[in-house]
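Every chain is numbered from 1 and lettered A, B, ... according to where its sequence line falls, protein lines coming before strand lines.
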Amino acid sequence: MSKLTLKPLSSSSNTSTDAPSSDSFSNEAISQRRQSALLEGLNPTQREAAEVIHGPVLILAGAGSGKTRVLTFRIAYMIEEGIAPWNILALTFTNKAAGEMQERIGKLVSEERARKIWTGTFHSLFARILRREADALGFSTSFSIYDADDSLSIIRAVMNGLGISQQNFQPTGIRAAISSAKNKMLSWQEYQRNAGSLFEKQTGLIYQEYEKRLQKNNAMDFDDLLLNMIRLFRTKPDVLERYQEQFRYIMIDEYQDTNKAQYEVVNMLARKYRNLCVVGDDAQSIYRWRGADIRNILDFERDYTDAKVVRLEQNYRSTKTILEAANSVINRNERQIKKALWTGNDDGAKIQLLRCRDDREEAELIVKTIKRSTKPLEAHAVLYRTNAQSQALEDALRRENVPYLIVGGVSFYKRKEVKDVLAYLRVIANPQDDENLLRIVNEPPRGLGKTSLEHLQNYAAQRNVTLYEAFRLADTVDVLQKRAQTSAHDFWSMLDRAKAGKDTLRPDELAKSLMVSCGLLKMYEDDGSEEAQDRWNNIQRVLSHLAEYCERNPDASLEQYLQETALISDLDEVKAGGKHVTLMTLHSAKGLEYPVVFIAGLERGLFPMSKSEMSQDEMEEERRLFYVGITRAEEQLYLSHAEKRYRFGELTYPTPSPFLAEIGAELVEHGSTSIQSRFSSGSSVNSAFSQLSQQSSRRVNAPATNNMDNFLRSAKQPAPKEPAPFEDLSNASDDYSQIPDDERKGTIKEGSRVQHEIFGEGTVVRMAGAGESAQVEVQFPSVGRKKLVLRFAKLRVL
DNA sequence: TTTCTCCACTTTTTT
DNA sequence: AGTGGAGAAA
C-alpha cells in the first residue's frame, strides 16, 4: 500500500486549479468534478500520467513512486470518462498483481464495472483467448498446458528417441535453449538454420521433435501461449481485428520485463487504436535471463515517436536512508536510464548489518529481531536469493512459533501426488495428452512396465492413433502378454467411464469419484507411512480446492479449472491482512513493499549469485535485483550474511557480498549479533563495516596488527578446504552446550558401538556429511537400521 | 516385470 | 539434502 493519502474531497473546489468553474449540473460537469476529485490524491506528474489516456504513453516509474496507484487511478479515470471497462486490457506480471489492481479499481468505481476489465498476466489471458480460438490453430479447446517439468520430461523422452546422450547435453540446458529461442520467436526451422555449434545443432533437432510431440498431445508449453497468439494474429487478420476492437485501451505493467514475443503481440493489438500505455523501470529489470528484453522499454520512444513520456521520480515509500542506499547501489551500473529518484520522507533509521556465524544463526537472529519489533508480524518480509534459503528460516520461525508464509518455493502444485491428480484430470479433459497418460499409468502400479508400454506406444505410432486409443484396443495388440492386455484395457475403461461423466457431473464430483476408482487414494491409505498420509492429505486438499472453485464458479468446466491451476504458482497465494511474516525470493518480491525488510545471505557467490565466470551484464542484473530488494523497504532495512553456510549439503565459508561495500558506510550500523556482543570493543562500527565490506581476501593466519584486525579475525572461522567429518561438531553451535561433555566428545566412526536413548545399543554402519548435518546410519538389534542426524541423536559412544 | 538401491544432479531467479 | 532416474536383483 502506498503511504500517499488522499486529501479530503471537500478541499477540491479551492485547491485544484483544474476544477471546472462552471456551476452547471450537466452530466459532463458532474463527471468532470468527480474526476478531479478522483485524481486529487496524485501529484502533478502522477496526475499527468493518469490523465493522458489517448495515444501512446511511456511511464518511467522509479521504485516506490506510486506506479500501481497511477495505473489504478488511470483506469478508474478512463471508466469515469465513459470508456467501457471491457475495452480495457491491463496486463500485469503476476496473477496476484492483477487481482489486487482489479480490487483497487473496484473501490474507486464499482466492483461490478471493475470485474469487466480484462486483467491478468500475458499467459493467463492468452490461455483464455487461445482456448476460445483453438480451432483456428489446429488445437482442440481442451488443449493441455505444460509447465517446465512437463517440458523437461518430453525433452528427455525426445533425446532418448533421437539417441542423444543426456550426459553430454543436459536436458535442462536444452530446455532453456528452446525456451529462449521461442521467446525470440524463432521457429525450429529458423533455429536449425542458424545453428552453429554442435549443441545448437542437437538442440535444433530436439526442438523440432519436441514441437511435434506437443502438437500431437494437443498441448502448449508456457512459451507457446505467447507464440500461438502471434501465429493466430498473423494468419487470421479478422481475428486480430476482433481483438483490436476488443482491447482499445491497453496498459502494461512491468514493461521492462517483457520479452520480444510479448512485445510483438502488444504491438499487433495496439496497432489500430494506439492507446498503449506501458509502465516500467529499467533499474528493476530482473528477468533478462528468461528472455526479457530491456530494449522494449528503451526503444518505446523510437517505436512510438509521438509517445508521451512521464517520469515518476518522487519516492513515497522509503526513508531517505534506504533510498540513498538504493541509489548508491544502482548508480554503479553503467547501462541505465539516468534518473533522479528522491523522497520527501524522513531520514529514518540506519540500515542494520547482521553478521552471523552460520545460516542457522542468521535465521535465529532475524526471527529474534522480528519478535522484538514493535510492528505487527505482517509488516515484516524476509527476502533471499534462492528458495533453498527458506529452509533455515522456516525452521527458526517454527521453533519460535512465529506464523509465516512462504511465497512460491516448492509449490504445492509441484508435489508428485498433486501433479498426479491433475494428470488424471488432464487426461480426462484431453485424451490426446500422452504425456500425462504415461505419468499416471503406474500410479498406482498396474503391472504395466516399460516393455508393455513400449508395445502400446509402438502400436499407437503404427496405426497413427493416440496412446489412449491404443489402451482401448489393447486386446488386439498381440505382442502384449495376456495380463498386460487386460490391465491396459481395464485402465482404459476406468478412464473412459470417468470421461463419460464429464458432461453430467460437476468437475469436483467427477474428480472425487475418479480418485476413488483409479486407486490412487487407496494406494496411499494402504501404505500407512507418514509420508503417504501427507500425500493422501494433499490429494484431499486438491479435491477440496476444486470443490471450492466449483462453488465460486458454478458454470466452470474442468478445462477452465485446469487452465487456471496450470498458470498459478502457489495454492497458498499471499492473502492480504494475514498475521504472518512473509518469506520469498527477491524475484517474487518485485512490486511489493513492507515496513521492515530483511535481505538474507549477502555473500559472494550467493548474492550476487555466480557461476564460474560472470559477465558485466549478469553482474548488473544481480545489482538491479539487490536494488529491487532494498527498495521494498519502507522504514527499516536489515542486511545479513553468514560466515558459514550449507550449500548442496556441504559446508562453505563465504565472504561478504561485494554489494555491501556499495552502500555508504554512514548509512549502516551493526545490528546486535552474537559475534558483536562477544567481541564488543570500543571500535567504531563504521570502520568495522568498511573493513568488512572490502571482502578481504586476508588469510585467517595473517598477523593481527590492531584491534580491528583482531575483531575481524576472531570472528572468522578457519576455512579448511575439506572440513574433517564431525570435527567441528563440538563448536558448531551453542546448542551443544546442553549436551554433557562425555556424550559428544567420543569419536564416532564406522564400527563404533553406540547407545541411543530409545533404540538402545547399536553399531555404526555408515557415516555421511559433516558438521551440523552429519548423519550416521546405525544398525540396532531391536529396530533395525536407522539413519540419524548426529546432531539430534544424542548418541553415546560405548 | 517390478522393485530396490545407488548414483547424479540439483539450486538462481518464474509465467 | 532431497529427489528422480538408471541399472541391477528378485
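Per the geometry, CG belonging to D221(A) stands 14 Å off C1' belonging to dT14(B), to the nearest Å. As rounded to whole Å, 20 Å separates atom P of dT13(B) from atom CD of Q256(A). Atoms CG (N387(A)) and P (dA1(C)) sit 19 Å apart, rounded to a whole Å. Between K182(A) atom NZ and dT14(B) atom C1' there is a gap of 16 Å when expressed in whole angstrom units. Atom-to-atom, CD of Q391(A) to C1' of dT3(C) comes out at 14 Å; the value is rounded to the nearest Å. Per the geometry, CZ belonging to R446(A) stands 12 Å off P belonging to dT2(B), to the nearest Å. dT13(B) atom P lies 19 Å from atom CZ of F626(A), rounded to whole Å. Between the CD1 atom of I145(A) and the C1' atom of dT14(B) there is a distance of 15 Å, given to the nearest Å.
Which of dT11(B), dT15(B), dT13(B) sits closest to the side chain of A388(A) comes down to dT11(B). Residue T386(A) has its side chain nearest to dT12(B) when only dG5(C), dT15(B), dT12(B) are considered. Distances from the side chain of R156(A) to the nucleotides dT15(B), dT13(B), dG5(C) place dG5(C) closest. Side-chain proximity of T121(A) to dT12(B), dT15(B), dT14(B): nearest is dT15(B).
The two atoms that bring L602(A) and H641(A) nearest to each other are O-CB, 3.1 Å, heavy atoms only. The minimum heavy-atom distance between R446(A) and S487(A), with the atom names listed, is O-OG, 2.6 Å.
In summary, the side chains of N217(A) and Y146(A) do present a donor paired with an acceptor at a separation below 3.5 Å, with no hydrogens or angles considered. Using modelled atom types and a 3.5 Å distance limit, the side chains of Q102(A) and T119(A) yield a donor-acceptor pair.
The aromatic rings of H489(A) and W492(A) are tilted relative to each other, their planes meeting at an angle between 30° and 60°.
Note on E621(A): nothing from the nucleic acid sits closer than 4.0 angstrom, heavy atoms only. Using a 4.0 Å heavy-atom distance criterion, F93(A) is classed as a sugar-phosphate-only contact. Heavy atoms of S124(A) sit nowhere under 4.0 angstrom from any nucleic acid atom.
Nearer the 5' end of DNA chain B, as judged by each residue's closest nucleotide, is the contact made by N442(A), out of L625(A) and N442(A). Between T172(A) and F222(A), the residue whose closest nucleotide on DNA chain B is further toward the 5' end is T172(A).
Close to dT14(B), at under 4.0 Å from its OP1 or OP2, lies a side-chain N or O of T585(A). Taking only side-chain nitrogens and oxygens, Q170(A) comes nearer than 4.0 Å to OP1 or OP2 of dT10(B). Under 4.0 angstrom from either OP1 or OP2 of dT14(B) there lies at least one side-chain N or O belonging to S588(A).
Taking every heavy atom of residues 282-294 of chain A and every atom of DNA chain B, pairs under 4.0 Å involve Y287(A), W289(A), R290(A), by number.
Taking the side-chain hydrogen bond (donor to acceptor under 3.5 Å, both in side chains) definition, one finds that Y207(A) meets it with nothing, sequence neighbours left out.
The pair K644(A)-D359(A) fails the salt-bridge criterion, with no side-chain N (NZ, NE, NH1 or NH2) lying under 4.0 Å from an Asp/Glu carboxylate O. Remark: D150(A) engages K419(A) in a salt bridge, criterion side-chain N to carboxylate O under 4.0 Å.
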